[in-house]
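Worksheet: the structure to be examined is printed underneath.
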There are 2 protein chains.
Amino acid sequence: MANRMKATILDVAQRAGVSKSTVSLVLQGSPLVRPETASRVRAAIEEVGYVYNRGAANLRKAHSNVVGMIINDLTNPFFAELAVDIERVFQSAGLVSFLANTAENPVRQEEVVKSFMEQGVSGLIVSPAHGTRPDAFERIRGSGLPVLFVMRRLPGSRVPVVAPDNHQGAFVGTRHLIGKGHRRIAFLGGFPDMVVYHQRVGGYKAALAAAGIEVDDALIVEADTNRKGGMGALETALARDPQISAALCFNDAVAFGAMIRLRKRGLEPGQDFAIVGFDDVAEAQHYVPALTSVAVDTAGLGERAAHMMLNMIRGGTTHAEDHIGAVNLMVRASCGPELSKGRAA
Amino acid sequence: MANRMKATILDVAQRAGVSKSTVSLVLQGSPLVRPETASRVRAAIEEVGYVYNRGAANLRKAHSNVVGMIINDLTNPFFAELAVDIERVFQSAGLVSFLANTAENPVRQEEVVKSFMEQGVSGLIVSPAHGTRPDAFERIRGSGLPVLFVMRRLPGSRVPVVAPDNHQGAFVGTRHLIGKGHRRIAFLGGFPDMVVYHQRVGGYKAALAAAGIEVDDALIVEADTNRKGGMGALETALARDPQISAALCFNDAVAFGAMIRLRKRGLEPGQDFAIVGFDDVAEAQHYVPALTSVAVDTAGLGERAAHMMLNMIRGGTTHAEDHIGAVNLMVRASCGPELSKGRAA
DNA sequence: GAGAAAAATTGGAACGTTCCATTTATTTCG
DNA sequence: CGAAATAAATGGAACGTTCCAATTTTTCTC
C-alpha cells in the first residue's frame with residue numbers, strides 16, 4: 001500500500017517516463033509542459049505517494065509560501081478570532097499561515113520566532129508578548145523579512161502596525177460613562193510598558209479632562225489583560241476608593257473578570273456599578289448583563305493585516321503604512337441603569 | 001548593521017576561522033569540539049547574523065523538530081485551551097508546534113495537512129473537522145508519520161485517540177437531570193457522522209433507559225457544535241415538544257447558545273429550564289447562571305496527547321494506546337432550582 | 001622526546017528541489 | 001520539402017546543511 005521510503009521527484013519522473021525537470025515543471029503548474037504529459041506525471045505522483053519537499057525547494061528558491069502568526073494569548077477569544085480571520089485571508093490567497101501562542105512570555109516568543117525563521121517563513125504577523133524588548137524585531141526586519149504588528153506596537157519600533165483607534169475608543173467609552181453621571185471612574189488593566197496602555201489611558205484621561213473631571217492616578221490600576229487580572233484590578237480599585245461607581249476596562253476579558261468580582265462583593269454590574277469593555281468579543285452581547293464595549297471590527301483589522309502582509313511579501317518590502325481602524329461603542333446593559341433596555345424597546 | 005544577503009554556515013566558518021563541519025558540530029552542541037573553538041564560533045554566528053536553515057538540515061536528516069496541530073475550531077475556547085496546553089508540553093520538550101485552524105472545513109483541513117507534510121513535520125495532532133472522510137489520515141499514517149487524534153475520532157480509523165469518556169460524561173449529566181425530576185430531556189447538538197456524537201447520545205440514552213424513561217428520538221436535535229448551533233437546536237427542540245424541561249448539550253458552546261435562546265423566549269435557564277453542558281470551559285463557572293457541565297480535564301488530556309506524540313516520534317512508531325480520560329460533573333446553577341445555591345451557602 | 005592514543009578538525013558527498021542553458025520534437029509556411 | 005520558428009523536454013549545477021572517513025593536532029606514556 002504505502003512505500004516505506006519517501007518518494008522523490010525522481011521516483012515520480014521514472015514512473016512517468018520523463019525527466020525530473022519535467023516533473024518539477026508540472027509541480028509548479030508551468031504551461032511549458034504538454035497537457036497529456038502533465039496528467040501522466042500527476043498520475044505518477046498519485047501512484048508513488050509523492051509528497052512535495054518544501055524544504056528542498058526553499059533551498060533553491062529562497063522564499064516559501066508560509067507566514068507565521070505569533071499571538072500573545074490564544075486563550076483570549078478576541079485574539080483567537082483575530083487569528084482565524086487573518087488565516088482565512090491567507091488561505092484564499094494561496095498562502096499558508098502557521099500559528100503559535102506565546103502566553104505573554106517573551107522567552108517563549110523568542111523561541112517561536114526562531115523556529116519560524118528557521119522554517120523560512122516569508123513573513124511574520126505578531127501581537128507581541130507583554131515584556132517584549134522594544135528592539136526585539138528590528139533585526140529580523142532589518143534582514144529583509146516583512147514583520148507586521150497587530151493590535152499592539154512596541155515603543156520606538158519602526159515595524160508597521162494594524163490596530164484600532166485606542167485613544168478614541170477609550171475616549172468614547174469614558175465619555176459615555178460620564179454621560180451616565182459617573183464621576184469616579186476607574187481604568188482597569190494593562191501595564192505602562194505597553195504602548196496600547198498609554199493610548200487607552202490617554203483617551204480615558206482626555207475624556208475626563210473634557211468633562212472637567214480631575215484625573216486621579218490612584219484610579220488607574222495596572223493588571224494582566226485577562227480575566228484574572230480584571231478580578232484583581234477591581235478589588236484594588238475599590239480598596240483605593242470605595243466611591244468608584246464605574247470602570248473602563250482594558251479589554252473585555254478584564255471586564256468579565258471585574259464583573260465577576262463585583263458580584264462576589266454583592267454589587268450588580270449595570271446597576272450598582274457601570275462597566276465598559278474593549279474589543280467587543282462575541283460573548284459581550286450575550287453575557288448577563290450584556291457588556292458595553294468598544295467594538296474594533298476584528299474581521300476588518302484581520303483582513304487588513306493579512307493584505308498588508310501580502311503586499312509586503314509581494315512587493316519585497318518591509319515597509320507599510322500603519323492602519324488605524326475605526327472604533328464603535330456598543331452600548332449595552334452593563335453600563336447603565338436600564339438605559340439600554342429603554343433603547344432596545 | 002544587518003547584511004542584505006543571508007548568512008550561511010560557511011560565512012560563519014570563515015569568520016571564525018574554522019571549517020563548516022566544525023560550525024555544524026557547534027550548532028548541534030556536539031562535545032567533540034573544543035569549548036574555546038565553540039565560543040569563537042558562537043560569537044561569529046552572532047556577528048554575521050546567521051539563522052539556521054532548518055530546511056537544508058532536514059534535507060539531510062530527514063526528520064524535523066516540529067509537530068503540527070490541526071484544530072477544528074479555535075474559536076471555541078475549549079479547543080484554544082487544549083491547543084495551548086499541548087503546546088506547552090512540546091515547548092518544554094524542546095519541540096516546536098505549529099497550529100492551524102480548519103473551521104470545520106474538510107477541504108481546508110486537507111490543505112493544512114498537505115502544508116504540514118510539505119514542511120516535513122514529524123508528527124500530527126488532529127481534531128478532525130466535521131465531515132472528514134474516515135480514511136483521510138490512513139495514508140499519512142501508513143507512510144510512517146505519527147498521527148494522533150484528540151477529542152474526536154473517525155469511524156473505523158486505526159489512528160490512536162486521546163479523548164474523554166464521552167459515554168460516561170453524557171450518562172452522569174443526564175442522570176443528574178433525571179434526579180432533578182426532569183422527564184422530557186433533549187439532547188442538543190452534534191451530528192450522527194461524528195463518533196463522539198454517538199458516544200454522548202449513547203450515554204444519554206443509557207441514563208434514560210436506566211431510569212425507565214422512554215427515549216424519544218424527536219428530542220435529539222442535530223446541530224453545529226457551536227453557539228449558533230445551540231440556538232437553533234433549542235428552538236427546534238421546543239418546537240418539536242414544548243413540554244421539554246431540560247437539555248443535555250453536546251458541549252458548552254451549544255449550551256451557551258441554548259441559554260441565550262431560552263432567555264429570548266422568556267425562560268430563565270436554571271429556573272424554568274435545566275441545562276447541562278460538556279467540556280467545562282473556563283466561562284462555565286462564571287456565566288450567569290453558572291453552567292453545570294461535564295468537566296473533561298483539558299490540561300490533563302492535552303498533556304497526555306503531547307506525551308503520546310512524543311513517544312511515538314521518539315519510538316519511531318505510529319502506534320499508541322488510546323487514552324480515555326475520566327470525566328467529572330460540575331454541578332452549578334444552570335440545572336436546578338436553587339439547588340446549587342444551597343450547596344454553596 | 002618518540003610513538004601511540006585520544007581529541008579536535010576537516011573536506012567531500014549526499015539530501016530533493018529549481019533554474020538555466022541546451023537539446024530534441026513539433027509546427028509553420030514560403 | 002526544408003528551413004525557420006516554436007514548443008517541449010532535459011541534464012547539470014546550485015542551494016545550505018549533515019555525516020562519514022580521513023587528517024591534523026594535542027595529550028599521554030614510558
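Since the structure is predicted, the reported quantities are computational estimates derived from the model, not experimental observations. Here is how names work: the chains are called A, B, and so on, in the same order as the sequence lines, proteins then strands, and each is numbered from 1.
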How many Å lie between CZ on A/Arg54 and P on D/dC15, as a whole number?
-> 21 Å
Side chain of B/Arg60, base of D/dT17: donor and acceptor closer than 3.5 Å?
-> no
When all nucleic acid strands are considered with a 4.0 Å heavy-atom cut-off, which category describes B/Ser24: base, sugar-phosphate, or nothing?
-> base
Are side-chain N/O atoms of A/Glu111 and A/Ser115 paired as donor and acceptor at under 3.5 Å?
-> no
The side chain of A/Lys61 lies closest to which of these nucleotides: D/dT17, C/dC19, C/dT9?
-> C/dC19
Which whole-number value in Å describes the distance from A/Leu25 CG to C/dC20 P?
-> 11 Å
Between B/His130 and B/Asp193, is any side-chain donor less than 3.5 angstrom from a side-chain acceptor?
-> yes
Would you indicate whether A/Glu81, at its atom CD, is surrounded by more than 12 heavy atoms from other residues, nucleotides or ligands within a distance under 6.0 Å?
-> yes
Are any of B/Gln28's side-chain N or O atoms less than 4.0 Å away from OP1 or OP2 of D/dT17?
-> no
Picking from C/dT18, D/dA9, D/dG16, which would you name as closest to the side chain of A/Thr22?
-> D/dA9
Where the side chain of B/Ser21 is concerned, which of C/dG11, D/dA8, D/dT10 is the nearest nucleotide?
-> C/dG11
Nucleotide C/dA8, atom P - distance to CZ of B/Arg40 in whole Å | 14 Å
Once you round it to whole Å, what is the distance between C1' of C/dC15 and NZ of B/Lys20?
-> 14 Å
Electrostatic pair B/Glu47:B/Arg40 at N-O distance under 4.0 angstrom = no
Between C/dT9, D/dT17, C/dT17, which nucleotide has the shortest distance from any of its atoms to the side chain of B/Ala56?
-> D/dT17
